[in-house]
Peer 1: 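Here it is: the structure, laid out below.
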Amino acid sequence: MSDFPWLTVMLVVPFLGAVAMPLLPKSLSVENAKRFALSVAGVELVLGVIIGLKFHNDGGVQFTENHEWIKAFGAHYALGVEGLGLSLVLLTVILTPIVMLAGWNDGDEGRWSPRAFFAWMLALEALAVGVFSATDVFLFYVFFEATLIPIYFLVGGYGGPKRAKAAVKFLLYNLFGGLVMLAAVIGLYVESAKAGHPSYLISDLAKLDISTDVGRWLFLGFMVAFVVKAPLFPVHTWLPDTSESATPGTSVLLVSILDKIGSFGMVRFCLSLFPEASHWATPAVVVLAIISIIYGALMAIGEDDILRLIAYTSVSHFGFIVLGIFVLNSQGLQGSNLYMFNHGLSTAALFLVAGYLIKRHGSASIRDYAGVEKAAPLLAGFLLISGLAVLSLPGLSPFVSEFLVIVGAFVYSPWAGAFAVTGIVLAAIYVLLMYQRTMTGPLREDNATITDLNLREKVAVVPVLLLMIILGLFPKPLADMLNPSTDHSLSQVGAKDPAPTVSDSAEGSAQ
Amino acid sequence: MKFDAPHLEYSQLAPLLIVLGVATIGVLVEAAVPRTQRYAVQVGLAIAGTVAAIADTIWVFNKLHPWSGEAKPGRIVAESALTLDGPAIFCWILVLVFSLLSILLFAERRLEGGVTAFAGQAAALPGTEAEREASTRGLEHTEVFPLLMFAVAGMMIFPAANDLITMFVGLEVLSLPLYLLCGLARRRRLLSQEAALKYFMLGAFSSGFFVYGMALVYGYAGSMQFDKIAFAVSAGSGSHALLLGGMGMLLVGLLFKVGAAPFQAWVPDVYQGAPTSVTAFMAAGTKVAAFGALFRLFYVAFGGARWDWMPVAWGVAILTMVVGSVMALSQTDVKRLLAYSSVAHAGFMMTAFLGARSLADIGPGEIQPVQAVLFYLTTYGLTNLAAFAIVTLVRDPSGEATSMSAWTGLGKHSPLVAGIFSFLLLGLAGIPLTSGFTGKWAVFTSAASAGAWPVVIVAVLGSAAAAFFYVRIIVLMFFTDPVGETSVAIPSVMTSSVIAIGAAGTLVLGVVPGPLLDLLGRVAEFVR
Amino acid sequence: MSVTPFIVLSAILFTIGCVGVLTRRNAIVVFMCVELMLNASNLALVTFSRANGNLDGQIAAFFVMVVAAAEVVVGLAIIMTIFRSRRSASVDDASLLKY
Amino acid sequence: MHVTAVQTDGVFSILWLVIALPALGALVLLAGGKRTDKWGHWLGVATVAASFVLSLILFFALLGKDEGERQYTQHLWNWFSAGSYSVNIDLLYDPLSAVFLLLITGVGALIHVYSVGYMEHDERRRRFFGYLNLFVASMLVLVLAADYVGVFLGWEGVGLASYLLIGFWQHKPSAAAAAKKAFVINRVGDIGLSLGASLIFVTFGSTSFAVVSAHADKASGATLTAIGLLLLLAACGKSAQFPLQTWLLDAMEGPTPVSALIHAATMVTAGVYLIVRSNFIFSLTEDARTGVIIVGTITLLMGAVIGCAKDDIKKALAGSTMSQIGYMVLAAGLGPAGYAFAIFHLLTHGFFKANMFLGAGSVMHGMDDDVNMRHYGALRKAMPITFATFGIGYLAILGVPPFAGFWSKDKIIETAFGDNFLVGMCALIGAGVTAFYMTRLMLLTFGTTKRWEKGVHPHESPKVMTYPLIALAVLSAGGGLLLAGDWIVDWLTPVVGEHEEHHLAVGAVGMSLIALAVVAAGVAVAWFLVGKRPVPKEAPSKVSVFTRAARADLYGDAFNDEVIIKPGVVGIRGLATVDRSVVDGLVEGLAVALTAISATFRRVQNGLVRSYALTLLGGAALVLLTLLAVNFG
């Protein structure tokens, strides 16, 4: 079955599910329609597990498909995943059903029917799978931009009071980034056409001999889009606004999955297609990333709206991810690759649990809560675990990635490491301050009615928490999947790890 | 003295002759057929004529063997007056298809309660007894169909012209009927008449420039024929100032028709005031004809002097995109907004114009400027026709409700129409998986290939700004609650099919643009 | 024969036409100014025809004249309707469509 | 010394179980929910007790080996790797971790038992035991890890447990705030550990003890100093050393067994452990050791001074803890001469301070959870067992022979004098102050007259609480035996290297006598100031500047407030404004500006056809001029 188009199937299944949603008979109850959507996501999850199991860690790009699409553009319908792509595809298929389950009733009060809500989510899942598995720049770009539309309607149709403005802001920021990237995509075509027959396949583009100046410009074009997407200071402001207005589930899909396109793109395109420019840009990007780490964390500390707070923590975390990528050594890059997955989990957990809380009391303001632990201990516990994951407590999965990034940054420059590491203190402050203010102290009177989690909510979040704990202590399956990917990226960008200052220790560890 | 009868390739010119013939017959029909039957006869005649012309054009097109790898370049016909090459014939097909769709819009009667959207009695004064009487008697001007056919003929001559005289004749033949059509709206007649006046005045003014430019170029090259002009340009003989002056003035005339800045002033007023179906036809058809002519004149005749006109073209492209995008930001009328959008799109198409390079520089399989612009014209025309068709559906008691405030909450009560319109807007904004994206990609690429990087940067930034106002309408329709008594009328199958074809085209050319692009890649070469 | 005087004359005529279009309010006069521009072109065409020694320019001049006549037909029709609706032939009065 | 351990075999392969048992206990208790309410606390006790038994078995097995073979490592699994960097979850069992295992599981088990009684009436007792088990497991990871990153895992694990337990009564805002403060300040320390580990990796290409110890001597002095100082920063956070000391006093918000176990006996000593464990680095860098000594000395004096002024019995003991850990850090900073004594004092302190904290808990238990010593007095009769055991702890901390503290503290003072007279003097003065505040505490609590509030009926605690007290009292009394025949020094030699002796002019015995005299002076001062006078029920407000400073924890919090927190809050508020108005405003402003430009230029489209003609003409002129300019310009 090696020729079986697994990725196409994974692309088509949720897409057909999304198309089918509005076509389901009107007599079908809303609940059953939601169940249908959930089962489609479930099938997708099974597919994801299957390709995860069939994947060979050292096998390079796998499940490849390649069909010519638009000959004149040199565009191909070409799919395939290596470790990083697969890990993010898996993240997508894991989180989508969880988000559906957790946000089961979030679509009920939207502008449109809950059916549409679930349909958009399935559409988004399909596009996300596409964007992480495209091996053709043009196809990637198409998916990249297309993902904006489901999110736009999910935010604009089902969010809070400021949703319309938030949706537009989200769209325009990302569209802006995307259009700048379009210029660079076009530039790649021009370069490719110069070299002979135009082709957008990454494998073909990587062979191009792009001149220094052109490479730098094109790199910048891609980078602008990715920096907006995986928001770094100073183009981050759309994220808190969007998260504030979107349903928590939407925010999860947005922050945990779609924003990863940015960091994923940096690894997949910036590093591999423009190695020279990547080296050239490193100092600036590192500085920007460090500013984002600290800035995002400080903003999170000062934030009263829980959802905005989480969004700012993500700005900080994306700072870490980008930092790890651009220090150009295996510790940093491997850390970032892991971070993309782990941040997806931890932020998803925090968004969902915070969403449970907000759903119960109707306010996202920290000021409106106190002592909730008394009324809903399990909710409090889950919030704490999620929070601890966000602050990268050892034993939970984000730690390994954050630690590696810090080590990588330190390898790059002790100063980078020293600045980045302040993020861990600030993270402790923003998480624990939020927890302290909402969950501890005497129970506020109007919080007494907050009920503890019900079975559905537990079932939705527990897998994420378990996954974080397991991957915290035993990240090997994930790390092994990502390691070849890391090595490959580094060899493409032509970076070598510096040797240790002393010792001939090649074995690296005890025994 | 001996007169030779001009040699005409009738079989190849047949599409043009069919259209002109149908137009003339249409005029006769007005005189001969009873008023009650005129509508049916005129519509039938126009549709039949257009379909026949399309079929014939495809037959002519086939003679270029465009489906094989070795496409023929085409030939010069009618005593060197017209060129029947790939771009020209493709423009014919486009113009004819767009006019067929426009005829369907023109013929729509359900929306106005049984009459067309054109004035019952153009001579009757607005607001008088005569007008009311014309209205109650259900009078309608069926002359619009022959007028449209004449305009179509002009649009076919314009991009196929091989000398300046023919080009000028084409220009006027396409313009004059349009001036009249603009003034024939049934509702809001003062606006309509004003649009006609403005279009006419400015159109005539710009024709003056065109003609004077023609004279200067003739003075420079000693001939009106493009190949001879090209020869003179490459030889470098004659007064360079004459050439520059002539080129500049011709450019003014053409850019006016295209609607490029700084010659765009008429576009918003005319698009807004004209009957919507006429606006749709103008936007789609005129653009094809004018860009076809612009490319032919400047690539074939002035190709050798491109270093002279390229800087101007850069400036015009940039200015047009900026003016179109920025001015649209503050518009409050949907038709006016679409007018500015059309200015912005003219700017995007101008970027392809900058892709002019010598053939040797174009790599195998690489996008060429003509290919790109023809593709863009196809996508833009289809999307635009459908969008204007939808504008005709959204109505309040006084007719079409084009004020944007009337569109709020449209998605609530008419999700299908609002949904399709949103899709079309996304197409105009150039979101992937719509034809707008592939089109933009093509024109920007051809500009980038020729090194016009600054223009491409402005173009993407302009696209971002443009996205802002398209999205604004989507927000208005979907994320705002409805106010007022706007309703969406149910059209007949004619308007519906225009919308369906436009939307389908927007989707199909967005997802599988390959075949059309490949086809254009084979034929998009001017015969010199 | 030097073409310069003729061309200068045609340029002057063209300019007068232009200026007239910009300054005159009455639609009919504006239109006449446009005709003046066309005729300036005709003069240039004929001059160049003579200078170049071929007839293309003169033929063109005829075409221009015919087209100008057609323009008159259409133009006067439009101006008439406007005049009848508004009781004014001033181009400045027709300014409902703006901004 | 080099870590050249061999793979575990035989009896040592049960090593992982020592951690796994309490971890399992924590998992069952925390995930099991209400079903485990009935028997959960006994499960908690059982897992730790079982771990203690295993630790004993391992200890005796290790004792049976030759001195050179007392290092075992157990490879569990590869944690993560990136490039050439690989971190394993490995356990290292050697004499140092062996004594820690016994201390943690032994004292831990006693405190678990004690807590069964202490927390009897708390409805969340099961969860308390879950947290305690979590703590024990994490602490065991900390001391067993064979890699700096492994240490980090335990390090943060105990931090988490400490956070959870300080904030156990989180309905009290003060407890919740204290918990957060502890965690955050510990995180500041973690900067040191993170960067330290990073620097170690950059230098050695690995963070495992084995590699680092094997190659430490090849690294440059500056690097080693930097590593040492970074590790010191980490130690300061965890062990409440200056300047990161402020959290410990607040941490007394937690239930008393927590204070005994975590904030006296085990967790707060992790910093000392880290320094001693890293002896292969500190031994090579005099500069870093100097830093350690300075930190230790400052803290031992600060803690002692703070202890003098506190009326809250637990806070007084907390000040004492700071001070005593200061002694340990000082000892560790003395290098090969002091490592063993640092650990020795750590052990004896673990015994007597746990003993006294539990005693304090017992007192509070009898006094309806009142912690103010001014409300105590003359409790010796009401609580004889508590008094007796507390008394032994008191004698031990004072350093009265033959109690445990005498042997351990004396050695530190002696070694300090051997290193530097000034440091020695500070240590000596510290001993005197210790005697003063401990005597004050004893007098206020058990001596003088009774000042109980109305309705308070002090009573002795149940057996489940007193038995652990007795056991700890025995250890406090006899802990000095560890030094018999220099056993502890020899035992630790494989880990910390050969012991260096300092010889003092006055001789060891002379030094002891001087120290005893200073202690006696401290006791006497306390007797005259506290014992001989009536004790007001309210703390007098007209007191000297020094007392006021000591009561305010020597302004550590005030400093943080003024210098870090207040400007921080202002700064963050300002930043939020900047984010809204400048960063976001620039982009939104661009949109607004574009719209404004658009609205302005809209006016140009004035509807007048002649003005359109003018633009057309202007455009034409522009086109022509450009064409000319390009060609002739």
Side-chain angles (χ1 to χ4, degrees), chain B residues 122-127 163-166 168-169 171-173 175-177 179-180 182-183 188-191 193-205 207-225 242 249 268-270 272-273 330-333 336, chain C residues 3 7 10-11 14 17-18 21-22 27 30-31 33-49 51-54 56-57 59-64 66-68 70-75 77-87 89 91 93-99:
Chain B
L125 288 181
D163 62 44
L164 287 170
I165 300 177
T166 317
F168 175 62
V169 171
L171 172 68
E172 292 297 326
V173 173
S175 301
L176 294 176
Y179 299 150
L180 290 174
C182 283
R188 300 193 179 95
R189 289 186 56 199
L190 281 181
L191 295 188
Q193 291 171 358
E194 182 182 327
L197 180 71
K198 284 178 172 170
Y199 194 16
F200 168 71
M201 286 293 176
L202 294 169
F205 191 46
S207 297
F209 282 92
F210 188 90
V211 175
Y212 204 80
M214 194 167 104
L216 294 183
V217 170
Y218 172 65
Y220 170 77
S223 172
M224 300 275 185
Q225 298 215 353
L242 273 184
M249 292 185 125
D269 288 8
V270 173
Q272 187 187 358
S330 60
Q331 295 306 319
T332 53
D333 184 284
R336 214 168 163 80
Chain C
V3 296
I7 296 304
S10 97
F14 188 83
C18 270
V21 170
L22 296 180
V30 171
F31 188 44
C33 293
V34 171
E35 294 297 313
L36 188 59
M37 289 165 68
L38 292 182
N39 284 322
S41 312
N42 278 347
L43 177 58
L45 279 171
V46 173
T47 311
F48 284 129
S49 177
N52 289 330
N54 62 29
D56 289 6
I59 294 166
F62 278 110
F63 270 97
V64 173
V66 174
V67 165
E71 242 174 27
V72 169
V73 175
V74 171
I78 292 171
I79 294 170
M80 271 303 289
T81 52
I82 284 272
F83 179 74
R84 278 164 47 101
S85 312
R86 296 175 174 273
R87 294 275 128 211
V91 287
D93 287 351
S95 60
L96 290 171
L97 291 160
K98 55 187 170 186
Y99 305 137

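Chain identifiers are assigned alphabetically (A, B, ...) following the order of the sequence lines, protein sequences preceding nucleic acid strands; residue numbering begins at 1 within each chain.
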Peer 1: Please determine, among B:Asp333, B:Val270, B:Val211, the option with the most heavy-atom pairs under 4.5 Å with chain C.
Peer 2: B:Val211

Peer 1: What distance do B:Ile165 atom CD1 and C:Asp56 atom CG have between them, rounded to the nearest 0.5 Å?
Peer 2: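 It is 6.0 Å, given to the nearest 0.5 Å.
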
Peer 1: Under 4.5 Å, counting heavy-atom pairs only, tell me which of C:Val34, C:Val73, C:Leu96, C:Ile7 racks up the most with chain B.
Peer 2: C:Leu96

Peer 1: Which atoms of C:Ala27 come close to chain B, meaning under 4.5 Å heavy atom to heavy atom: side chain ones, backbone ones, both, or neither?
Peer 2: both

Peer 1: Can you tell if the side chain of C:Arg84 reaches within under 4.5 Å of the side chain of B:Gln193, non-hydrogen atoms only?
Peer 2: no

Peer 1: With a 4.5 angstrom heavy-atom cut-off, could you sort out which part of B:Ser175 is near chain C: side chain, backbone, both or neither?
Peer 2: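 For B:Ser175, neither part sits under 4.5 Å from chain C.
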
Peer 1: So which of C:Leu45, C:Asp93, C:Leu36 has the biggest tally of heavy-atom pairs under 4.5 Å with chain B?
Peer 2: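 Ranked by contacts with chain B, first place is C:Leu45.
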
Peer 1: Where does B:Leu216 contact chain C at under 4.5 Å (heavy atoms): side chain, backbone, both or neither?
Peer 2: both

Peer 1: Quick check on the interface: out of C:Val46, C:Asn54, C:Leu38, C:Leu43, who has the most heavy-atom pairs with chain B under 4.5 Å?
Peer 2: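 The residue among C:Val46, C:Asn54, C:Leu38, C:Leu43 with the greatest pair count is C:Asn54.
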
Peer 1: Need one label for B:Arg189: side chain, backbone, both or neither, based on atoms under 4.5 Å from any heavy atom in chain C.
Peer 2: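 For B:Arg189, there is no contact with chain C at all, as no heavy atom is under 4.5 Å.
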
Peer 1: Given the options C:Gly17, C:Ser10, C:Cys33, which has more heavy-atom pairs under 4.5 Å with chain B than any of the others?
Peer 2: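 Maximum pair count with chain B is reached by C:Ser10.
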
Peer 1: Which atoms of C:Ala11 are under 4.5 Å from chain B, going by heavy atoms: the side chain, the backbone, both sets, or neither?
Peer 2: both

Peer 1: Could you report the tightest heavy-atom contact between C:Asn52 and B:Gly222, atom names first, then the distance?
Peer 2: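 That would be ND2-CA, 3.2 Å.
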
Peer 1: In terms of heavy-atom pairs under 4.5 Å with chain B, which of C:Gly53, C:Ala61, C:Ser49 leads?
Peer 2: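 When all of C:Gly53, C:Ala61, C:Ser49 are compared, C:Ser49 has the most.
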
Peer 1: Just to verify, which of C:Thr81, C:Ile79, C:Val30 counts as forming a side-chain contact (heavy atoms from CB on, under 4.5 Å) with B:Leu197?
Peer 2: C:Ile79

Peer 1: So, do B:Phe210 and C:Ser41 sit near enough that their side-chain heavy atoms are less than 4.5 Å apart?
Peer 2: no

Peer 1: Taking side chain as everything from C-beta outward and backbone as N, CA, C, O, which of these in B:Leu191 sits under 4.5 Å from a heavy atom of chain C? Side chain, backbone, both or neither.
Peer 2: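 For B:Leu191, backbone and side chain are both near chain C.
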
Peer 1: Given a strict heavy-atom distance threshold of 4.5 Å, which part of B:Tyr218 is in contact with chain C: side chain, backbone, both, or neither?
Peer 2: both

Peer 1: About how many Å separate CD of C:Glu71 and CZ of B:Phe200, when rounded to the nearest 0.5 Å?
Peer 2: 5.5 Å

Peer 1: Please report the closest heavy-atom contact between B:Lys198 and C:Leu97, naming both atoms and the distance.
Peer 2: NZ-O, 2.9 Å

Peer 1: Hey, are C:Arg86 and B:Glu194 close enough for a salt bridge, meaning a charged N less than 4.0 Å from a carboxylate O?
Peer 2: yes

Peer 1: Quick check on C:Cys18 against chain B: is it the side chain, the backbone, both or neither that has a heavy atom closer than 4.5 Å?
Peer 2: both

Peer 1: What's the separation between atom OH in B:Tyr212 and atom CZ in C:Phe14, rounded to the nearest 0.5 Å?
Peer 2: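 So the gap between those two atoms works out to 7.0 Å.
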
Peer 1: Considering non-hydrogen atoms only, spot the tightest contact between B:Met224 and C:Ala60 and give its length.
Peer 2: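 Smallest heavy-atom distance, with atoms named: CE-CB, 3.5 Å.
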
Peer 1: Which bit of B:Leu171 comes within less than 4.5 Å of chain C, counting heavy atoms only: side chain, backbone, both or neither?
Peer 2: neither

Peer 1: Check whether C:Ile82 gets within reach of chain B through its side chain, its backbone, both or neither, counting any heavy atom under 4.5 Å.
Peer 2: both

Peer 1: Between B:Pro126 and C:Ser85, which heavy-atom pair has the shortest distance, and what is it?
Peer 2: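 Distance-wise, the nearest heavy atoms are CD-OG, 3.4 Å.
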
Peer 1: Side chain, backbone, both or neither: which part of B:Gln225 has a non-hydrogen atom closer than 4.5 Å to chain C?
Peer 2: neither

